[in-house]
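FYI, the numbering just counts along the sequence from 1.
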Amino acid sequence: MKKPADTSVLSRTIASTATMKLAHLPMLDLLYTPIEERFERITRLARRALGFPVAAITLLSSEKQWFKSVSGWSISELPRDRCLCNLTLEANDLVAIPDTLEDSRTASHPLVTSGPKFRAYVGFPLTDGEELVAGTLCVFDVKPRPLSSGDRQTLLDLAAIAQSEIARDRLRSAHASLTSKLGVARREAMMDPLTRLWNRRGAMLLLESAFEDADRSSKPLTIALVDLDGFKQVNDTMGHQTGDEVLRKVAGRLVSSVRGHDVACRIGGDEFLLLIIDSDIESGRAITERVLGSITSSPIPTRDRSIDMTASVGFTVRKPRERASIDELLERADRALRQSKDQGRNRVRMAS
């Protein structure tokens, strides 16, 4: 596996505001975009392989650090002046701090002295296709810990994977189509801050774009609605903080269950919409069944305890050259969702 650029190459980049402006153009299409499985997979692997409780892939602008993917910490962005990763950008190389309270650079840092009170930090710079610093792959621990040589190599290998995902041409997908048309500010307004999925406004724009593409290509399109069974009881008995944890974990399971060019959106309290591109009845059923299985296959871990969840799913397929409108398809998917609930919940139903 190819390693990230070595120190001699990285030293040609300058971790400064000027450099960040140069790296800004290729970063624009990744800032303020929903979670993607290709990045979520890397941070999950980093946590498991290195044993650190928090792992993240971050992108940086002159004002903010944006967490493209983060595992083990509920956060989406930080002001640049509150980022431990500034040290990694300044060094343009691996930075490992085994005890932040013993290091003069971090002893008084707000992430060390107050929540989450990180005591160990490791970060490696990620570059774009032009070898300009774009962000970091980083891990954190609330206990002091050294970085072994084996852990160092694992981090470098994972950074190589993350860097290639940032630098490579993005797939032409509903995500890419929308991000190419919208600026950062508009994309931010179309994201659900809790789950980091597209919100209802984003979903409607995605549907319009997907309908246009389906009409041009004469390909089928599947829309599915997913509603969590008994979610209100979770909020009522365990509190909204636990409910929010469940919603975030469910969002991650949805993203990991659909294909890379499909889209998951949160359109209501515990209701999600799936836009499944180029999908006929057979593949639409297979993907929605997989989505349901991802929710029900294992309890959802929360701070208080693990919670068994089920879901009701309704889907419909817009056939090639069919002229059904967005509202008509949404009504059909909603009718299938109601059938799922009326027939006992925890099942997938289709409406034609």
Side-chain angles (χ1 to χ4, degrees), residues 34 173-175 177-178 181-182 189-192 194-195 197-232 235 247 250-251 253-255 257-259 261-296 309-352:
S173 65
H175 287 291
S177 177
L178 184 57
K181 295 175 183 177
L182 302 176
M190 293 181 184
M191 280 187 58
D192 172 45
L194 176 64
T195 61
L197 302 178
W198 294 112
N199 62 19
R200 180 179 287 273
R201 288 178 60 195
M204 293 304 107
L205 274 179
L206 285 164
L207 284 170
E208 291 174 7
S209 178
F211 271 47
E212 292 172 2
D213 291 343
D215 287 341
R216 282 194 298 268
S217 61
S218 295
K219 291 183 178 179
L221 180 70
T222 295
I223 294 177
L225 295 177
V226 181
D227 191 86
L228 300 183
D229 298 330
F231 180 74
K232 183 177 183 300
N235 274 338
L247 291 173
V250 167
R253 293 187 182 192
L254 294 180
V255 169
S257 301
V258 297
R259 303 163 302 179
H261 56 277
D262 298 328
V263 182
C265 311
R266 182 189 178 207
I267 59 173
D270 62 335
E271 189 171 11
F272 300 85
L273 180 146
L274 303 178
L275 178 57
I276 305 172
I277 309 298
D278 191 12
S279 174
D280 57 16
I281 292 175
E282 183 178 347
S283 59
R285 185 178 298 280
I287 292 171
T288 52
E289 290 282 3
R290 186 167 71 230
V291 164
L292 178 59
S294 74
I295 297 171
T296 62
M309 291 297 303
T310 63
S312 299
V313 183
F315 79 96
T316 189
V317 177
R318 187 177 190 256
K319 300 179 180 65
R321 293 175 293 279
E322 182 182 349
R323 293 301 173 183
S325 68
I326 291 175
D327 287 342
E328 288 171 331
L329 253 71
L330 288 174
E331 193 282 328
R332 278 162 34 182
D334 187 64
R335 186 168 71 247
L337 177 64
R338 292 196 301 271
Q339 291 173 359
S340 175
K341 287 189 173 295
D342 291 343
Q343 294 172 14
R345 305 185 178 189
N346 193 27
R347 63 197 65 213
V348 173
R349 288 293 178 265
M350 186 193 82
S352 58

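When side chains are defined from C-beta on, Leu221 counts as touching Ile277, because their heavy atoms get closer than 4.5 Å. A 4.5 Å side-chain heavy-atom check between Lys341 and Asp229 finds at least one atom pair inside the cut-off. Here the side chains of Asp270 and Asn235 are not in contact, with every heavy-atom distance at 4.5 Å or above. Using a 4.5 Å heavy-atom cutoff, the side chains of Val258 and Leu254 are not in contact. For the pair Leu329/Arg332, a side-chain contact is recorded, criterion being any heavy-atom separation below 4.5 Å from C-beta on. You'll find the side chain of Leu194 reaches within 4.5 Å of the side chain of Arg266, heavy atoms only. Within the 4.5 Å cutoff, the side chain of Leu225 has heavy atoms near those of the Ile267 side chain.
Here the closest non-hydrogen pair linking Leu228 and Met309 is CB-CE, 3.9 Å. Summarising the geometry of Arg347 relative to Ser340, their closest heavy-atom pair is O-OG, 2.8 Å, with the distance given to 0.1 Å. Between Leu292 and Ala311 the shortest heavy-atom distance is CD1-O, 3.2 Å. When all heavy atoms of Ala324 and Phe211 are compared, the closest pair comes out as O-CE2, 3.3 Å. Residue Ala351 comes nearest to Thr316 through the heavy atom pair O-OG1, 2.7 Å, listed as atom of the first residue, atom of the second, then distance. Of all the heavy atoms in Ala264 and Leu197, the pair that sits closest is O-CB, 3.7 Å.
The residue from Asp262, Val348, Leu274 that alone fulfils the side-chain contact (heavy atoms from CB on, under 4.5 Å) condition with Ile287 is Asp262. Screening Thr310, Ile295, Val313 for a side-chain contact (heavy atoms from CB on, under 4.5 Å) with Asn346, the sole residue that qualifies is Thr310.
Counting only distance, with no hydrogens or angles, the side chain of Ser283 and the backbone of Asp280 share a donor-acceptor pair below 3.5 Å.
Taking 4.0 Å as the cut-off between side-chain N and carboxylate O, Asp215 and Arg323 count as a salt-bridged pair. The residues Glu331 and Arg335 are annotated as salt-bridged, a charged nitrogen and a carboxylate oxygen being separated by less than 4.0 angstrom.
In the model, Asp227 has no side-chain atom that pairs as donor or acceptor with a side-chain atom of Ser312 under 3.5 Å.
Around the NZ atom of Lys219, the shell of radius 6.0 Å holds no more than 12 heavy atoms that belong to other residues, nucleotides or ligands.
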